[in-house]
Amino acid sequence: MADPKGFLNHGREVARTRPVEERVKDWNEVYVPGSLLPIISKQASRCMDCGIPFCHNGCPLGNLIPEWNDYAYREDWRAAQERLHATNNFPEFTGRLCPAPCESACVLGINQPPVTIKNVEVSIIDKAWETGDVAPQIPERLSGKTVAVIGSGPAGLAAAQQLTRAGHTVAVYERADRVGGLLRYGIPEFKMEKRHINRRIEQMRAEGTRFRTGVEIGRDLKATDLKKRYDAVVIAAGATTARDLPVPGRELKGVYQAMEYLPLANKVQEGDYVTSPISAEGKHVVVIGGGDTGADCVGTAHRQGAASVTQLEIMPRPGEERNPVSQPWPTFPMLYKVTSAHEEGGERVYAVSTTHFEGDEDGNVQWLHMNEVEFVEGRPTPKPGTERKIPAQLVTLAMGFTGTDRENGLVDQFGLELDERGNIARDADFQTNVPGVFVAGDAGRGQSLIVWAIAEGRSAARGADRYLTGASDLSAPIRPTDRALAV
């Protein structure tokens with residue numbers, strides 16, 4: 001245990017953010033560089049090393065949280081990163097992007113602010129990179145087996161790294177021009193600078209993983225041909241089919257899916273464009289969808305110089321504190337969150353539904369019409385007399401995703417079966433109905449969190465390893481049927 005009285009002696013402190021007026025002028029991460037390390041030892045000391053650490057239940061990776069909290073408290077950074085990497089391939093990703101269900105399940109959180117698990121995690125891994133303790137883990141011998149991984153998001157990268165370290169020859173196929181999937185083009189630079197991805201890719205290359213960018217399986221290369229080339233295939237193509245909004249005016253220019261808008265802003269940071277082809281500069285921006293992707297659109301619009309930003313959500317505004325009846329500890333509660341993007345300005349409107357868009361004579365969107373809703377038997381119902389319109393010269397749809405891409409032919413060419421939700425079906429080993437073809441991440445689970453994606457990648461890697469060799473020493477933190485802790 002770090003400090004038996006740590007949680008009594010120290011309150012919760014989190015990473016400091018840079019002033020709004022400074023950070024909206026650039027695309028760097030919003031946090032003050034180096035602000036965590038001076039406080040992180042005290043924050044780690046707040047971990048009580050519970051008899052039953054429920055933070056393990058909140059995290060699907062099975063992270064050894066009390067152990068690396070203890071090492072961080074003692075400033076034994078090498079031991080801390082070893083325990084961190086024992087369960088998580090990419091803690092610098094989760095430490096920046098995960099909503100931290102582990103903190104919601106922290107026992108201290110029953111009657112106090114929980115331990116800053118996420119901040120401790122990112123401090124450990126950043127220190128490890130700084131001191132050179134993150135090194136390639138090259139397999140001692142090769143198995144002679146080959147594996148193709150389709151998709152280079154967190155699930156695909158985790159599966160690829162695990163299988164490479166097991167001695168297999170692994171090639172990752174990515175349809176975009178750079179490796180990283182949604183980590184690369186869906187997550188704005190101000191949430192995670194892409195240098196974190198780049199150095200992991202270099203580590204994986206040094207370990208032996210190969211990357212093939214600009215190749216879409218199903219279009220550029222038939223799935224059947226891929227299957228013939230490799231002994232096993234892991235599909236980690238994500239759930240990239242975006243939920244649409246079929247209302248009048250949807251066809252107007254200026255109405256885009258979030259994943260049409262956000263990647264272009266990231267490509268500017270990569271040097272592909274001087275300015276984004278879809279820019280919010282000087283425009284009244286409306287973001288439809290109240291989740292993290294919507295917040296990413298809000299922060300991006302601020303940095304592009306939007307005249308105004310309004311975020312709409314069909315659900316009522318959540319409470320600011322956990323409801324002990326409907327969302328009891330240790331479940332992950334749906335609470336009102338103020339992200340860094342929301343701190344930067346804009347308006348958030350809850351319990352409203354878009355009825356239609358209105359455009360000008362040139363077919364450009366100009367107005368969004370909406371009404372307030374109330375929920376009757378769980379369904380949103382328009383409230384009479386609440387109709388109104390707001391200016392909207394750029395609209396982004398951030399309403400989630402409905403499943404994996406069916407248009408590129410990957411599913412049909414492999415002959416894959418789908419479950420009742422439209423995800424690729426798999427057995428207990430993450431294997432599909434096609435022998436030797438496995439599925440990990442959102443393609444099999446549906447839209448989920450980055451920690452679940454990495455856990456899926458690790459578990460599917462074990463299934464593929466066992467298929468190839470008859471046995472496996474790789475870890476499998478979850479089963480395909482596991483779900484987040486809920487009421």
Side-chain angles (χ1 to χ4, degrees), residues 60-61 97-99 101 147-160 162-163 172-176 181-183 186 216-219 223-224 226-227 232-244 257-259 289 291-293 332 397-464 467 476-486:
L61 281 167
L97 303 176
C98 180
V147 184
V149 176
I150 303 173
S152 67
L157 292 179
Q162 292 293 94
L163 288 166
V172 179
Y173 287 83
E174 168 57 54
R175 63 181 176 182
L182 291 186
L183 292 172
E216 184 170 10
I217 306 303
R219 284 199 174 99
T224 48
L226 185 78
K227 181 71 168 62
V233 176
V234 178
I235 299 172
T240 57
T241 302
R243 183 174 285 108
D244 213 332
Q257 288 287 353
M259 290 313 299
D292 287 340
T293 302
F332 185 65
L397 308 180
M399 303 182 299
F401 302 89
T402 60
T404 196
D405 189 350
R406 294 292 305 275
E407 295 183 0
N408 61 11
L410 183 151
V411 171
D412 294 332
Q413 289 173 21
F414 271 123
L416 302 173
E417 294 178 358
L418 304 180
D419 63 19
E420 63 278 3
R421 297 189 176 209
N423 304 314
I424 300 173
R426 64 266 183 94
D427 64 15
D429 278 336
F430 291 78
Q431 188 169 209
T432 69
N433 60 294
V434 180
V437 178
F438 298 79
V439 62
D442 291 359
R445 173 169 294 271
Q447 182 182 355
S448 190
L449 304 177
I450 184 172
V451 278
W452 283 94
I454 297 173
E456 287 251 342
R458 290 173 67 90
S459 299
R462 176 183 171 87
Y467 169 81
I478 59 171
R479 298 165 297 184
T481 54
D482 286 345
R483 292 295 180 265
L485 194 62

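Side-chain atoms are counted along with the backbone in the values below, which use heavy atoms only and exclude waters and symmetry mates.
- Between Thr432 and Ile424, the closest side-chain pair of non-hydrogen atoms falls below 4.5 Å.
- Residues satisfying the salt bridge (Lys or Arg N to Asp or Glu O under 4.0 Å) test with Asp482, not counting sequence neighbours, are Arg479.
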Side chain to side chain contact (heavy atoms under 4.5 Å, CB included) assessment of Asp292 paired with Leu97: CA-CA 10 Å; Asp292 287 340; Leu97 303 176; over 6 Å; no

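- Heavy-atom neighbours of Arg483 CZ from other residues, nucleotides or ligands within 6.0 Å: above the threshold of 12.
- The heavy-atom pair separating Asp405 from Arg175 by the smallest distance is OD2-NH1, 3.1 Å.
- Of the possible polar contacts, none joining the Asp412 side chain to the Gly218 backbone as a donor-acceptor pair under 3.5 Å is found.
- At distances below 3.5 Å, at least one donor-acceptor pair connects side-chain atoms of Glu174 with backbone N or O atoms of Ser152.
- The minimum heavy-atom distance linking Ala425 with Val439 is given by the pair O-CG1, 4.4 Å.
- Taken from CD in Glu216 to CG in Leu410, the straight-line distance is 8.5 Å, to the nearest 0.5 Å.
- Every side-chain contact (heavy atoms from CB on, under 4.5 Å) that Ala223 has, sequence neighbours left out, goes to Ile217, Gln413, Phe414.
- Residue pairs meeting the salt bridge (Lys or Arg N to Asp or Glu O under 4.0 Å) criterion with at least one partner in residues 426-446, sequence neighbours excluded, are Arg426-Glu456, Asp429-Arg466, Arg445-Glu456.
- When every heavy atom of Leu163 is checked against every heavy atom of Ala464, the shortest pair comes out as CD2-CB, 4.1 Å.
- A donor-acceptor pair under 3.5 Å is absent between the side-chain atoms of Gln257 and the main chain of Met399, judged by distance alone.
- Atom CG of Asn423 is separated from atom CG of Leu416 by 12.0 Å, given to the nearest 0.5 angstrom.
- Closest approach of Ala460 and Ala440 over heavy atoms only: CB-CB, 3.6 Å.
- Between the Ser459 side chain and the Ile478 main chain, a donor and an acceptor come within less than 3.5 Å of each other.
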Working for side chain to side chain contact (heavy atoms under 4.5 Å, CB included), residues Ile150 and Val234: CA-CA 6 Å; Ile150 303 173; Val234 178; over 6 Å; no

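- The backbone N or O of Thr404 lies less than 3.5 Å from a partner atom in the side chain of Thr241, making a donor-acceptor pair.
- Of all heavy-atom pairs between Tyr173 and Ala148, the closest is CE1-CB, 4.1 Å.
- Looking at every heavy atom in both residues, Arg458 comes nearest to Pro477 through CB-CD, 4.0 Å.
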